[in-house]
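Just so we're clear, the structure is a prediction, and the values are computed from it rather than from any experiment. Start at 1 and go down the list; that is how both ligands and their atoms are numbered.
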Amino acid sequence: MPLVSTRQLLDEAAKGGYGVGAFNVNNMEQIQAIMEAAKETNSPVIIQASRGARAYAQDLYLYHLMLAAAELYPQIPLSMHLDHGNSYETCVSAIELGFTSVMMDGSLKPDGKTPATFEENVEVTRKVVDYAHPRGIAVEGEIGVLGGVEDGHGAGGTGLEHLTDPDQAVEFAERTGVDSLAVAIGTSHGAYKFTKKPDGSVLKMDLVVAIHKRLPKTHLVMHGSSSVPQDLQDIVNQYGGKLKQTWGVPVEEIQLGIKNGVRKVNVDTDSRLAITGAIRKVFAETPEKFDPRDYLKPARAAMQKVVALRMTQFGQAGHAGDYKAISIADMAKGYKNGTLSTKPEVSK
Ligand code: G3H
Ligand code: 13P
Ligand code: ZN
């Protein structure tokens with residue numbers, strides 16, 4: 001299957017009542033791990049790259065690896081998504097390269113640190129939508145600001161400082177025409193999300209419910225959704241790592257989100273932990289080894305394991321064969337003739 005639009009994946013997920021994991025990549029092994037997990041579980045999947053990933057791997061390497069994935073796994077609906085685009089220019093460059101969806105994270109100013117005003121966010125996101133939709137490319141916006149900092153991106157804090165306001169979410173969706181909406185509900189990027197198993201005082205799933213009530217047909221996106229499982233923390237620390245005890249987003253909370261309109265679930269940290277734990281184990285147990293394949297193979301297998309588990313937990317498993325690819329050119333026609341709606345259904 002050619003690379004498809006994330007909008008198609010999310011529309012199908014809404015029909016089927018499941019969520020789709022969006023897994024971050026920086027290199028070939030991570031793409032291979034995700035595709036093998038998708039094959040193993042028969043899952044449609046979103047692969048996403050941040051600005052940091054694009055700089056690390058170089059755009060063309062990433063793009064051609066994604067084309068290879070699409071060619072090698074023709075049975076898997078696969079989209080290539082820009083994660084946290086910081087400006088109009090970044091989104092345009094991703095679309096020109098061949099990404100099939102972009103996130104315009106206008107919740108922050110282009111420095112990727114300073115919270116933007118609502119009007120600034122609407123303006124830049126609308127501009128990206130106006131560029132993307134005539135080209136058949138889907139756009140994710142963000143309203144509210146997540147916590148944490150990853151690779152210099154993020155406002156910092158706990159994630160409770162700029163929670164999404166449901167009324168603003170409605171206005172934002174109406175004024176921008178985004179295909180999906182990332183919401184701030186107390187999660188943050190990276191490993192250090194919560195200091196104990198989160199309850200409703202720090203992880204605001206009630207906000208997801210409230211936003212979904214107002215925007216029942218809008219695809220919601222949960223960022224910072226790694227579960228940071230204890231066993232992965234333990235493997236890293238058992239083999240010389242120095243992670244402080246931490247808690248992520250419990251899978252059952254994500255599943256509650258999926259019942260309430262969450263269609264895209266962003267996961268990066270769990271993959272990082274799986275990879276690092278596996279590599280540390282090889283280094284600690286067999287320090288004489290120096291062929292990168294000796295540690296990259298187990299690293300890849302460890303990431304595949306956690307990704308396959310998340311695919312099953314999010315409900316996308318088993319759905320790869322449900323539908324045929326809509327070409328990006330046909331997506332463009334759909335936006336033009338209105339069959340792909342960009343006007344949210346709003347209820348009181
Ligand atoms: O949103 C953050 C993702 O985990 C990507 O992180 O910017 O370090 O590649 P990165
Ligand atoms: P985690 O750090 O929880 O994996 O979140 C990843 C993410 O939201 C990427 O956009
Ligand atoms: Zn994110």
Atoms in ligand 2 with a heavy atom of [X] nearer than 4.0 Å:
| X | result |
| --- | --- |
| G224 | 1 (P), 3 (O), 5 (O), 7 (C), 8 (O) |
| H223 | 8 (O), 10 (O) |
| H84 | 10 (O) |
| K193 | 1 (P), 2 (O), 3 (O) |

Give the atom numbers and elements of ligand 1 that come within less than 4.0 Å of a heavy atom of [X].
| X | answer |
| --- | --- |
| S50 | 5 (C), 7 (O), 9 (O), 10 (P) |
| D268 | 3 (C), 4 (O), 5 (C), 6 (O) |
| N24 | 3 (C), 5 (C) |
| H84 | 1 (O) |

Single hit among T342, T6, V129 for side chain to side chain contact (heavy atoms under 4.5 Å, CB included) with V139: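 Among the candidates, only V129 passes.
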
Reference residue E140; test side chain to side chain contact (heavy atoms under 4.5 Å, CB included); the match among H84, H223, H219: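 Only one option passes, and that is H223.
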
Output, in order, the C-alpha distance, side-chain angles, deciding distance and verdict of side-chain contact (heavy atoms from CB on, under 4.5 Å) for S227 and I254. CA-CA 9 Å; S227 299; I254 298 171; 4.2 Å; yes

Please confirm whether R175 makes a cation-pi placement over F172, using NZ or CZ under 6.0 Å from the six-membered ring centre and within 45° of the ring normal.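 The answer is no; the distance or angle limit is not met.
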
Please determine if K289 forms a cation-pi arrangement with F283, meaning its NZ or CZ atom is less than 6.0 Å from the six-membered ring centre and no more than 45° off the ring axis.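 Not satisfied by the 6.0 Å and 45° rule.
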
Based purely on interatomic distance, does [X] place a nitrogen or oxygen under 3.5 Å from a nitrogen or oxygen of ligand 2?
| X | answer |
| --- | --- |
| N24 | no |
| V267 | no |
| T269 | yes |
| D270 | no |

Can R54 be said to touch ligand 1, with heavy atoms closer than 4.0 Å?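 The answer is no, since R54 has no heavy atom less than 4.0 Å from ligand 1.
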
Does some side-chain heavy atom of [Y] sit less than 4.5 Å from a side-chain heavy atom of [X]?
| X | Y | value |
| --- | --- | --- |
| Y131 | R135 | yes |
| R54 | L62 | yes |
| K204 | L163 | yes |
| T100 | I328 | yes |
| M1 | V4 | yes |
| M331 | K336 | no |

Heavy atoms only: which of R51, H189, M103 is nearest to atom 2 (C) of ligand 1?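 Ranked by closest heavy atom to atom 2 (C) of ligand 1, first place is H189.
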
Ignoring hydrogens, just give me the one of L273, D268, V228 whose non-hydrogen atom is nearest atom 4 (O) of ligand 2.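 Minimum heavy-atom distance to atom 4 (O) of ligand 2 goes to D268.
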
What part of D83, side chain, backbone, both or neither, has a heavy atom within less than 4.0 angstrom of ligand 1?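 Looking at D83 and ligand 1, just side chain atoms fall under 4.0 Å.
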
For ligand 1, which part of Q48 has a heavy atom less than 4.0 Å away: the side chain, the backbone, both, or neither?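 Contact part for Q48 vs ligand 1: neither.
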
Any idea which part of S225 is under 4.0 Å from ligand 2, heavy-atom wise: side chain, backbone, both or neither?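 Just the backbone.
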
Can you check the number of protein N/O/S atoms within less than 2.8 Å of the Zn ion (ligand 3)?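 The number of such protein atoms is 3.
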
Begin from the C-alpha positions of K333 and D330 and carry the test salt bridge (charged side-chain N to carboxylate O under 4.0 Å, His left out) through to its verdict. CA-CA 5 Å; K333 283 186 203 147; D330 281 345; 3.3 Å; yes

Measure up the F23 and F314 rings against each other and bin them: parallel (under 30°), tilted (30 to 60°), perpendicular (over 60°).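 Rings of F23 and F314: parallel, under 30°.
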
Assess the pair Y18 and H319: is the distance between their ring centroids shorter than 6.0 Å?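 Aromatic pair counts; centres sit under 6.0 Å.
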
Is the closest N or O pair between N26 and ligand 1 shorter than 3.5 Å?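 Such a contact does not occur with ligand 1.
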
Step-by-step salt bridge (charged side-chain N to carboxylate O under 4.0 Å, His left out) determination, K343 to E174: CA-CA 6 Å; K343 292 212 181 352; E174 284 179 323; over 6 Å; no

